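This report refers to the structure that appears directly beneath it.
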Amino acid sequence: MLRQAEASVTIQESTTRRSGRDARRAIRMAPKVDMLPTLKRALPVVEPMDADQVERIHQASLAILEDIGVVFRDPIALEDWKRAGADVRGERVHLDRDLVMDLISTIPRDITYHARNPAKNVELGGPNSIFVPMTGAPYLRDLDDVRRLPTLEDLGTFHKLAHMMPALHSSAHHIVEPMDIVVAHRHLHITYSSMKHSDKIFMGMTTSARNAEDVLDMCDILFGPGFLENHAVTTGNCNGNSPLVWDQVMLGAMRAFCRRNQPVLCSPFVLGGANTPASTAAAVAQLNAEALSALAYTQVIRKGCPAIYGHYLSTVSMQSGAPMAGTPEISLMNFMIGQMARRYNIPWRTSNLLGGAKVFDAQAGYESAMTMMAVLMSGANYIWHSAGWNEAGMHCSMAKFVVDAEVCAMGYRMTQGIQWGDFEEALQAVRDVGPGGHYLGHPHTQANFQTAFFIPKLFDNNSIEQWKAEGEKDINRRALEHARHLLADYQEPVLDQARDEELRAYIARRSREIPAVDALNDEY
């Protein structure tokens with residue numbers, strides 16, 4: 001009987017401890033949807049180039065623009081450049097260095113983005129940075145970890161997750177391609193999903209000039225006529241065709257955004273060793289020339305409109321030709337591009353947490369961590385592809401999406417720098433505790449234990465015994481369970497009914513007007 005009583009007490013104590021532990025875990029895992037404000041970086045940036053080397057890259061880029069030139073495959077752009085005084089020879093535009101520097105000097109140094117919830121407005125430029133999820137994946141790994149084609153509902157699920165992750169400042173746009181929507185109509189539904197499922201800022205489609213206009217018309221509905229004229233609300237991305245080509249589709253979309261005074265990312269698409277020289281420094285010189293040519297053109301379109309120095313960086317495996325993520329040279333290029341953007345005093349974009357692995361495994365984690373540390377220490381402003389990117393962008397993983405978002409929160413905390421506010425109080429605790437004691441019960445610890453050190457929700461730091469007792473869950477399984485919990489608790493941010501109806505009516509009208517067969521309209 002005594003042994004039974006002792007066993008009963010032991011079981012009761014164990015159950016009490018377990019229930020208390022479970023309760024604390026439930027509190028830790030409870031969704032927190034308040035968005036972190038703009039990241040104001042306080043750590044020094046890494047600058048591997050000295051002043052002479054920065055100038056060497058700068059002069060090499062200007063020489064490329066003057067001597068080799070950049071192809072603009074667009075008759076409107078060619079006429080624009082002629083009026084601006086450039087040397088236009090067929091489709092190739094040779095840009096005088098003084099003209100380029102004069103044009104980019106009118107790009108705003110800072111941008112304030114306005115969300116439909118003003119509490120979620122963010123700043124960009126200088127020490128101000130934001131995290132934006134990945135976009136463009138033709139596949140996803142879903143809540144069952146199955147790789148498949150995405151639907152519009154899947155896209156909405158990602159927008160909901162982006163809305164609920166504190167360190168993500170944007171819902172982006174087509175995180176995954178909704179394959180159940182006709183290509184010609186996708187931009188309408190993608191934009192509506194971004195607007196409806198989150199009240200954060202979002203990106204705008206640039207798949208054609210007319211599609212870009214549709215996005216901006218929908219922004220007019222959401223924010224009210226005339227608001228865009230003096231307020232940044234969305235971002236377009238315009239990719240160059242490296243080496244040294246800008247095509248009609250991207251340039252038409254660029255004009256649409258710039259004319260409405262909305263920022264564009266001027267993004268050369270670098271596959272190091274394939275469409276750039278097999279040299280880190282020379283690749284940056286070419287990329288810099290390409291970016292400068294597009295940034296200058298934004299000011300030909302509309303002087304003073306916001307623009308962002310962009311790029312996509314990858315190196316290419318010389319064994320397979322496949323793009324690689326997380327390589328040392330990508331980190332070095334990020335450091336160098338940060339120095340060049342600061343030389344021109346222009347906000348700049350980079351890509352974050354990129355993985356090439358086919359599943360969410362150690363390779364994906366190492367590649368992503370390698371990239372993120374370089375991104376944070378390079379001083380990037382618009383930190384894109386910050387959640388979900390794997391398989392070289394071919395799929396977005398729901399598991400990786402939520403883990404990446406938490407890693408962004410860790411990076412956010414680190415990059416804020418050292419906090420000194422309670423330094424004297426903490427030193428007093430050393431005097432109070434003295435040699436051989438512990439701080440667990442001290443008032444300073446009690447007041448600060450929840451905020452003093454970042455505690456990841458999705459990383460397991462328990463004993464192996466507890467890990468086994470809780471089901472031996474790896475990070476992928478924990479992340480998918482967490483994503484399900486988040487979605488179960490998701491509350492849609494209310495969209496004004498009249499504007500919602502007007503947006504739906506616009507989508508219905510444009511869907512009737514746009515042929516279901518996808519055709520580009522380049523009249524812009």
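Note that the coordinates shown come from a computational prediction; the quantities given were computed from them, not determined experimentally. All heavy atoms count here, side chains included; hydrogens, waters and symmetry mates do not.
Taking the six-membered ring where the residue is Trp, the centroids of Tyr113 and His169 are separated by 6.0 Å or more.
In plain terms, the two heavy atoms of Phe158 and Leu140 that are nearest each other are CE1-CD1, 3.9 Å. Of all non-hydrogen atoms in Ala380 and Ser129, the two that sit nearest each other are O-OG, 2.6 Å. Taking every heavy atom of both residues into account, Thr371 and Ser351 meet most closely at CG2-O, 3.6 Å. A pairwise comparison of heavy atoms in Ile175 and Cys396 identifies CG2-SG, 3.8 Å as the closest pair. Contact record, Arg109 with Ile104: NH1-O, 3.4 Å, taken as the closest heavy-atom pair. Across every non-hydrogen atom of Val402 and Leu458, the tightest pair is O-CD1, 3.8 Å.
The number of heavy atoms from other shown groups lying within 6.0 Å of CZ (Arg343) is above 12. Surrounding CE of Met414 are more than 12 heavy atoms belonging to other residues, nucleotides or ligands, all under 6.0 Å away. Other residues, nucleotides and ligands place more than 12 heavy atoms under 6.0 Å from the CZ atom of Phe227.
By the side chain to side chain contact (heavy atoms under 4.5 Å, CB included) test, Ala341 is found to be paired with Tyr309, Trp348, residues two or more places apart in sequence or in another chain being considered. Legend: residues meeting side chain to side chain contact (heavy atoms under 4.5 Å, CB included) with Thr276, ordered by chain and number and at least two apart, are Val270, Ala283, Gln286. Residues satisfying the side chain to side chain contact (heavy atoms under 4.5 Å, CB included) test with Arg56, not counting sequence neighbours, are none. Asp404 pairs by the side chain to side chain contact (heavy atoms under 4.5 Å, CB included) definition with Leu353, Ala387, Lys400, not counting sequence neighbours.
Classification of Glu502 and Arg499 as a salt-bridged pair fails, no side-chain N sitting under 4.0 Å from a carboxylate O. Ion pairing between Glu406 and Lys457 fails under the 4.0 Å rule for side-chain N and carboxylate O. Arg260 has a carboxylate O that lies under 4.0 Å from a charged side-chain N of Asp220, or vice versa, which qualifies the two as a salt bridge.
Under the 3.5 Å distance criterion, the side-chain polar atoms of Glu290 are matched with a main-chain donor or acceptor of Leu244. Of the possible donor and acceptor atoms, one in the side chain of His159 sits under 3.5 Å from a partner among the backbone N and O of His173. The main-chain N or O of Ile201 is found under 3.5 Å from a side-chain atom of Ser170 such that the two form a donor-acceptor pair. Side-chain atoms of His94 come within 3.5 Å of backbone atoms of Glu66 as a donor-acceptor pair (strictly under, hydrogens ignored). For Arg41 (side chain) and Pro127 (main-chain N/O), a donor-acceptor pair under 3.5 Å exists by modelled atom type. Side-chain N or O atoms of His58 include none that pairs as donor or acceptor with a backbone N or O of Val54 at under 3.5 Å. Asn261 contributes a side-chain N or O that, together with a main-chain N or O of Glu229, makes up a donor-acceptor pair within less than 3.5 Å. Proximity of a side-chain donor or acceptor of Arg116 to a complementary backbone N or O of Met195 within less than 3.5 Å is detected.
When His187, Arg186, Arg510 are each tested for a side-chain hydrogen bond (donor to acceptor under 3.5 Å, both in side chains) with Asn211, only one passes: His187.
Side chain to side chain, Asn128 and Thr38 fail the donor-acceptor criterion of an N or O pair below 3.5 Å. Using a 3.5 Å distance cut-off with no hydrogens or angles, the side chains of Gln299 and Thr106 do pair a donor with an acceptor. Counting only N and O atoms by type, the side chains of Asn352 and Tyr382 include no donor and acceptor under 3.5 Å apart. No side-chain N or O of Asn239 forms a donor-acceptor pair with one of Tyr312 less than 3.5 Å apart. The closest side-chain donor-acceptor pair between Asn334 and Thr350 falls under 3.5 angstrom.
When side chains are defined from C-beta on, Asn237 counts as touching Trp384, because their heavy atoms get closer than 4.5 Å. Contact check for Met250 versus Thr206: side-chain heavy atoms found under the 4.5 Å cut-off. Counting only heavy atoms from C-beta outward, the side chains of Met398 and Thr157 approach each other to under 4.5 Å. Considering only heavy atoms from C-beta on, Ile301 stays 4.5 Å or farther from Phe257 through its side chain. Contact check for Met377 versus Leu43: side-chain heavy atoms found under the 4.5 Å cut-off. Taking the side chain as every heavy atom from C-beta outward, Asn390 and Arg141 never approach each other to under 4.5 Å. No side-chain heavy atom of Asn117 sits less than 4.5 Å from a side-chain heavy atom of Lys200.
Listed by first then second residue, pairs satisfying side-chain hydrogen bond (donor to acceptor under 3.5 Å, both in side chains) with a partner in residues 409-420 number zero, not counting sequence neighbours. For residues 44-54, the pairs satisfying side-chain hydrogen bond (donor to acceptor under 3.5 Å, both in side chains) are Glu47-Arg342, with sequence neighbours left out.
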Candidate pair Val93 and Leu95, rule side-chain contact (heavy atoms from CB on, under 4.5 Å), full reasoning: CA-CA 6 Å; Val93 179; Leu95 294 170; 3.6 Å; yes

Derivation and outcome, side-chain contact (heavy atoms from CB on, under 4.5 Å), residues Met203 and Val215: CA-CA 9 Å; Met203 297 185 73; Val215 170; over 6 Å; no

Pair Tyr344-Leu295, side-chain contact (heavy atoms from CB on, under 4.5 Å): steps then yes or no: CA-CA 11 Å; Tyr344 307 125; Leu295 289 164; over 6 Å; no

Worked check of side-chain contact (heavy atoms from CB on, under 4.5 Å) between Glu329 and Met324: CA-CA 11 Å; Glu329 291 75 23; Met324 298 184 292; over 6 Å; no

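In this structure, the separation between CG on Leu376 and CG on Leu39 is 7.5 Å, given to the nearest 0.5 Å. For the atom pair CG (Leu313) and CD1 (Ile330), the distance works out to 6.5 Å, reported to the nearest 0.5 Å.
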